Structure formats: C-alpha cells, structure tokens
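Step one of this worksheet: look at the structure below.
Counting starts at 1 for both ligands and their atoms, following the listed order. Note that these values count all heavy atoms, side chains included, but never hydrogens, waters or copies made by symmetry. Everything numeric in this text was worked out from a predicted model, so none of it was measured.
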Amino acid sequence: MIDASLVRDAFAARFGAAPDVLVGAPGRVNLIGEHTDYSGLPVLPIAIDRGMTVAASATEDAIVTVASRQFRKEARISRRAVGRESEPWHRYVAGILEELENVAPRRGASVFIDSDLPASGGLSSSSALSVGLMSALSSAWGDAVAGEALASAAAAAERRVGVETGGMDQMAIALAQANHALRIDFLPPAYRLVPIPDGLSFVVAASGEEATKGGAAREAYNERVVGTRIAALMLADTLGVDLDGVPLLGAVADIDAASVMVEELPGAMAPRAAANASETNVDRIVSLSAAHFDSSKKVPVKAYARHVLSEAERVNAAEAALVAGDLKGFGRLMNESHDSLRQDYKCSTPALDKVAAAMRKAGAFGARLTGAGFGGYAVAACPPEAVERVIEAATAATGGPAFEVQASDGVRLL
Ligand code: GLA
C-alpha cells in the first residue's frame, strides 16, 4: 500500500490543505471458489498488502473532484447532475455518488487517489476503488458506511456502471482481516475468518494478458452467468425444487443427487429454449445488471454446472485443509480448481496455464488462475522458502510481474 504520508502530501499539493480522512482499500486475491459467487456458492479470498490509498476532505459546494496519480483526467462531478460521465473511471465515481445520494447531499469533496495495485490485472483494482472511495467520502461526510453495508453498496455502484459482479470482491475488501482468509457464503449471506496456517505463503504472477472488464471479457463472463442459470433451472425442475427469482445453482447444490444429475444436462442450450422447457419467463435467465443477454444464443450448460458444483465442494475441502494445516492438500485443491476452470469453465488462457505450471514446478503446493480469468493473474500457495524460486519461475514464464502477497486487513481508516 502506498505510504499514507505520501498521499497526504499529494492531496495537500493539489488541494492546498491536509485531507480530513485517509483510507486504505486493498486489492483481493481469491484463493479458491472461482465463478461460484454469482451462483450463491462460497468463495475463499484474502485481501492483500497492495491497494488504493484515498485521501478526502468534505467541501461545502456539491462538487466532487477526484484527482489521482494513475488515472488520466480529473473527475469533477456535480452531485446534482450525476450520470453523464464519459471517461470510464469517472463512471465508477458517479456510481458511488448515486449510491451515496442520501448522505450529506449538499456537500461535495476533494479526493486524491494513489495505488500500487496493478490495474486490469484481476486483483480487483476496480472494487478497491469503489470500496475505498465510498468509505472515504462517507467518512468525510460524517456518516461512514462500513462492513457488509459498504460491500453491498459498492457492489450496487459497480452494477450501475454495467459491471456484472457476484459480490465476492467487495466483501473481501470490506471485511477481510490480516493473516486470515475470508470464507464468504451468499445463500444465506454469512462470512467467517479462516486463519492462514504457518508455513503458507502466497505469490501472484501476471499472465501478461490484461483482464479487462469490458468487451469480450464481459461477454464471456455474462455467458457463464447465463449458462449456470439455465443449469440451475433445469436441475431444479428435475429435482422438484421450486426456485423464485433468479435461478441459482446454490439453491440445489446441497441436494446429493445434483452432482449426478449434472451429467444429464444438455451440453449447450439457448436461454429461450430453457425458459420454454420449464415454462418460465426468459428474463429470469437473461436479465443482467448491465445487459440483456441474447436469449437465442446457445451457451454451454453441463460443463459450466460441473465446474461450479465441484468448485463449491473444493471450497469446503480447502477451508478444512487450512484448519488442519494440510498445506499439500490445500495446494492440490488449487490445482484441481485450475484444471476445472481450464477444462470445464474455459476461462483460462495458455499464459495462465503456463505460469501456474511454472510455479508448481518451482516448488509451490498448488497454483491456479485467480479472479475471472481470460488473462490477469495466477496465485500460488507455497512454502516460505520457495517464494523466491516461485517468483523467478513465474517471471521467466511470462515476463512478470510476480510478487509475494500477505493476507491483510480489509478497508481501513489510516
Ligand atoms: C470477478 C467478479 C467476482 C467473481 C469472479 C470470479 O472478479 O467480480 O464477483 O465472480 O470474477 O470468481
């Protein structure tokens, strides 16, 4: 995390006085439980020791000015006319302001942001921005939003921007604690801290491919959301379970027969056909926060469901392995997760496969892609004495960067 005093100085240089509040908002690395959150199934991330540092002061006009060392073009948004921003990162700021519309509505703010988190890397720089900004603004306005309320408001703000998100990133960034992983459940919502045992270190490594949130990557993400909803609907029909609202695999995952019935699912199906077959409204399947998915487009169903249901079991097993100090078992589950993401969920890339394989060969207990995939970062769990070797091997495989991360506190006032 960028040193708070540097950010305080940068704020003072830009705005002419020291900031009222300073907030550190970390990035996150998901250890296991990938592409499960939007099915209502568990995840096991950590917050890391890199992130966004946000300095803010309230002003008495209704203008929010956000300057940053990383982002081009300052944002200057009137709270009375939010919503016409063209610069992509300004839209994140606008989404936050819309979520905070009832907090001190007549006040504005001066904000400066600095970051040591790689952008577009899959380490959740966008959620670090939204959680950090929301925390800093609401604190400066004297009505701090924190904890689960902060996580869900930040997720809602990102959905306003058109980013489909399952909610893991914002929860991890809002609620994680140092030296712990955070087990998060969504159906019903719950979370618990899981201590990281001695002898377990983490390295993250870039694939060299950007993991963007727009364009083809967003389409690919949405297709998987839709495929899992079709699977949930069909499994619920077969198992005689009534599902309200959006069909989630999490609603059928605990039924023993579900993992057997998965093999009976169609390889691919269009949302329209699935809705007809179960006599339901297709909107339940295709309506997303940002987009309306083409209901005549066939999407994979069986393989996506197989990944999600098996991944949820691996989260349980991985938590148990951490509790038991079974580091090799934990690493094995990470490898299985990666294989399932590669073979069934089809969200790995040759570069992610290569860097994960290189880290395993250099002595990691296990390695896997982390985040949505389609590029971005991989994470390895390894013995502390292998950290240097693993970093070197990852850097040789893709050109880096690769670095160790510590399980750290979530968002906090500095
Ligand atoms: C992105 C989303 C998360 C989660 C992961 C995949 O990071 O923001 O909510 O769905 O992909 O596990």
Side-chain angles (χ1 to χ4, degrees), residues 25-48 92 95 117-131 151-152 154-176 181-187 189 191 204 207 210-229 246 248-250 288-291 304 307-312 314-315 318 334 337-338 340-342 344-349 352 368-379:
R28 67 95 187 89
V29 169
N30 192 17
L31 300 181
I32 197 160
E34 216 64 85
H35 288 283
T36 47
D37 59 354
Y38 51 80
S39 282
L41 287 163
V43 294
L44 192 67
I46 57 172
I48 61 174
Y92 276 84
L117 196 60
S120 303
L123 301 181
S124 225
S125 53
S126 39
S127 295
L129 172 66
S130 59
V131 173
S152 61
E158 288 180 46
R159 292 193 185 107
R160 285 176 184 273
V161 184
V163 177
E164 202 62 36
T165 159
M168 155 173 71
D169 307 340
Q170 302 81 5
M171 286 283 285
I173 294 166
L175 296 163
L182 188 72
R183 151 107 190 197
I184 308 168
D185 287 277
F186 299 91
L187 276 182
Y191 61 91
V204 295
S207 64
E210 279 200 358
T212 52
K213 287 223 158 169
R218 180 182 298 173
E219 271 298 298
Y221 187 94
N222 290 351
E223 177 188 291
R224 282 151 184 78
V225 173
V226 167
T228 57
R229 289 182 185 177
V246 174
L248 302 179
L249 279 170
L288 304 164
S289 44
Y304 288 173
H307 164 71
V308 171
L309 293 175
S310 65
E311 184 77 351
R314 281 187 288 274
V315 174
M334 290 177 78
S337 167
H338 186 84
S340 176
L341 289 160
R342 176 169 54 82
D344 279 340
Y345 225 61
K346 305 247 181 310
C347 63
S348 189
T349 63
L352 282 167
R368 55 183 289 283
L369 71 86
T370 184
F374 315 110
Y377 272 67
V379 56

Query raised in the report: Any heavy atom of Glu311 sitting closer than 4.0 Å to ligand 1?
Result: no
Query raised in the report: Have Arg314 and Ser337 got a donor and an acceptor in their side chains that come within less than 3.5 Å?
Result: no
Report task. Apply the test side-chain hydrogen bond (donor to acceptor under 3.5 Å, both in side chains) to residues Ser127 and Glu158: give CA-CA distance (whole Å), side-chain angles for both, the deciding distance (0.1 Å), then the verdict. Result -> CA-CA 8 Å; Ser127 295; Glu158 288 180 46; 3.0 Å; yes
Query raised in the report: What are the atoms of ligand 1, with element, lying closer than 4.0 Å to any heavy atom of Glu34?
Result: 6 (C), 12 (O)
Query raised in the report: Of all the atoms in ligand 1, which lie at a distance below 4.0 Å from a heavy atom belonging to Gly167?
Result: 9 (O)
Query raised in the report: Against heavy atoms of Gly166, which atoms of ligand 1 measure under 4.0 Å?
Result: 9 (O)
Query raised in the report: Looking only at distance, does Tyr221 have an N or O less than 3.5 Å from an N or O of ligand 1?
Result: yes
Query raised in the report: Quick one: does ligand 1 sit under 4.0 Å from the side chain of Met171, the backbone, both or neither, non-hydrogen atoms only?
Result: neither
**Report entry** Lys/Arg N to Asp/Glu carboxylate O, Lys346 vs Asp344, below 4.0 Å
**Finding:** no
Query raised in the report: Going by the atom numbers of ligand 1, which of them fall below 4.0 Å from some non-hydrogen atom of Tyr38?
Result: 10 (O)
Report summary line: Numbered in order shown, the ligand 1 atoms found under 4.0 Å of a heavy atom of Thr165 are 8 (O), 9 (O)
Report summary line: Min over Asp37, Leu369, Val225 of heavy-atom distance to atom 9 (O) of ligand 1 lands on Asp37
Query - Residues which pass side-chain hydrogen bond (donor to acceptor under 3.5 Å, both in side chains) with Arg28, listed by chain and number, not counting sequence neighbours - result: Asp169
Requested in this report: For the pair Thr228 and Arg224, evaluate side-chain hydrogen bond (donor to acceptor under 3.5 Å, both in side chains) and give the outcome as yes or no after the intermediate values.
Outcome: CA-CA 6 Å; Thr228 57; Arg224 282 151 184 78; over 6 Å; no
Query raised in the report: What residues, two or more places apart in sequence or in another chain, satisfy ring pair (Phe, Tyr, Trp, His ring centres under 6.0 Å) together with His338?
Result: none
Query raised in the report: Quick one: which ligand 1 atoms are inside 4.0 Å of a heavy atom on Arg28?
Result: 7 (O)
Report task. Using atom types as modelled and distance alone, determine if a side-chain donor or acceptor of Glu311 lies under 3.5 Å from a backbone N or O of Gly33. Result -> yes
